[in-house]
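What follows is a short report on a single structure.
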Amino acid sequence: MPDGDKVHKHLAGPYQQLYKQVCEGQDCPEKLGRDAMRPVRRSLEHYGDGPIALVKHVMTPIDRLPKEPILRRLALEKARGTIPSIARAAQGPKRGIELATDACRQVIQDACEGRDGDHLLKDALSRYVIDIYRADFEERIPLSRAHDRGVDQATIDMRLDLARPYVEQNAMVLAVQLTKGCDVRKLRLPRQASLSYRATLNDNLL
């Protein structure tokens, strides 16, 4: 989108169309959650392979261990301690490295508190994708004093809340591809939202 078409000066170009969709309120949450992956994929390409390699370096050894509780706990603590040195050696934009580092820390913390899944690498990569969405899109939206089409912040927040489960679902779709070694430049977007679900956001807010 050319600079002249920007409607939110604090959002990068790839996120402008998504922002306009949220303000218009014509797309169902499922479609917004899918469409969000288009600019997120651009961000992934910009941040490159370094942050993904960081996540794999930290999380893969834990997934390879038996599920024995004591061994797992020790592995989690060891992995937590290695994050700073691995992050310093990682290649890529600082922002991407920071987001990947935070994703690893969050997933390890969840695992230490018993809220982990079966595949921590996949969970951490999914968290990295979600954190990109939040940092590059959601958290920047309130920085604008006035929104496109005169929509108030409360309405924006409600529409984002409705879309968030689908954002998280589609982030996992990308994370699975990254777990399998897919190049960030070749990630396939989730499938189109089903026609049977196409109620508008405005209908959902009635």
Side-chain angles (χ1 to χ4, degrees), residues 29-30 32-34 36-37 39-142 157 160-184 187-188 190:
E30 186 179 6
L32 277 179
R34 179 186 183 276
M37 294 301 103
V40 167
R41 183 174 62 177
R42 293 279 297 275
S43 291
L44 281 165
E45 292 175 5
H46 172 69
Y47 295 139
D49 296 323
I52 295 166
L54 183 158
V55 174
K56 290 182 176 181
H57 194 164
V58 173
M59 309 307 296
T60 299
I62 306 173
D63 278 342
R64 288 175 177 169
L65 287 174
K67 302 300 182 182
E68 199 280 323
I70 295 178
L71 285 177
R72 191 170 180 80
R73 181 75 185 196
L74 291 173
L76 288 168
E77 293 297 342
K78 180 180 179 180
R80 197 204 310 263
T82 64
I83 290 175
S85 60
I86 294 174
R88 284 194 296 271
Q91 302 294 316
K94 181 179 178 182
R95 184 176 178 81
I97 299 299
E98 290 175 345
L99 291 171
T101 298
D102 289 344
C104 289
R105 289 197 174 108
Q106 292 170 43
V107 170
I108 288 175
Q109 184 62 38
D110 286 347
C112 287
E113 296 175 0
R115 300 194 303 271
D116 58 323
D118 293 330
H119 303 286
L120 295 190
L121 172 59
K122 183 173 64 177
D123 291 345
L125 287 171
S126 176
R127 188 71 64 92
Y128 171 54
V129 175
I130 293 168
D131 286 352
I132 287 175
Y133 166 79
R134 288 175 177 164
D136 289 358
F137 184 63
E138 273 199 357
E139 294 175 2
R140 290 174 175 262
I141 288 178
D157 290 341
L160 292 174
D161 287 343
L162 289 170
R164 193 168 295 115
Y166 300 102
V167 170
E168 294 174 355
Q169 175 183 313
N170 289 317
M172 183 59 75
V173 172
L174 299 187
V176 169
Q177 296 177 60
L178 293 171
T179 302
K180 295 177 180 179
C182 181
D183 189 296
V184 292
L187 287 171
R188 298 184 305 278

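The figures here come from the full heavy-atom set of this structure, side chains too, leaving out hydrogens, waters and symmetry mates.
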[X] to [Y] - nearest heavy-atom pair and separation:
X	Y	value
A171	I130	CB-CG1, 3.5 Å
V55	A100	CG2-CB, 3.8 Å
E138	R164	OE2-NH2, 2.9 Å

Exercise. Look at the side chain of D63 and the backbone N and O of L121, then say whether any donor-acceptor pair between them is shorter than 3.5 Å.
Key: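 Yes; judged by distance alone, with no hydrogens or angles, the pair exists.
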Quiz item: Would a distance-only check, ignoring hydrogens and angles, find a side-chain to backbone donor-acceptor pair under 3.5 Å from T101 to I97?
Solution: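 Checking the backbone N and O of I97 against the side chain of T101, a donor-acceptor pair under 3.5 Å is found.
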Practice problem: Name all pairs fulfilling the side-chain hydrogen bond (donor to acceptor under 3.5 Å, both in side chains) condition that reach into residues 80-93, sequence neighbours left out, sorted by first residue then second. | Solution: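 Listed once each, the pairs are E77-R80, R80-Q109.
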Using side-chain heavy atoms (C-beta onward) and a distance below 4.5 Å, is [X] in contact with [Y]?
X	Y	answer
R127	D110	yes
Y166	R34	no
H119	D123	no
V176	K122	yes
V167	V40	no
P51	Y128	yes

Hey, what do you get for [atom1] ([X]) to [atom2] ([Y]), rounding to the nearest 0.5 Å?
X	Y	atom1	atom2	result
I132	H46	CD1	NE2	10.0 Å
L76	L71	CG	CG	11.0 Å
L162	L32	CG	CG	9.5 Å
I108	L120	CD1	CG	8.0 Å
D102	I83	CG	CD1	9.0 Å
M37	L187	CE	CG	11.0 Å

Quiz item: Judged by modelled atom types alone, do R95 and Y47 share a side-chain donor-acceptor pair under 3.5 Å?
Solution: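 Present: a donor and an acceptor within the cut-off.
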Quiz prompt | Whether over 12 other heavy atoms sit under 6.0 Å from R115 CZ | solution =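 Yes, the 6.0 Å shell around CZ holds more than 12 heavy atoms from other groups.
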Practice problem: Return yes when atom CZ of R140 has more than 12 non-hydrogen atoms of other residues, nucleotides or ligands closer than 6.0 Å, and no otherwise. | Solution: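 Yes, CZ of R140 has more than 12 neighbouring heavy atoms, counting only those of other groups under 6.0 Å.
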Quiz prompt | Salt bridge flag under 4.0 Å for residues R134 and E168 | solution =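 Result for this pair is yes, salt bridge flagged.
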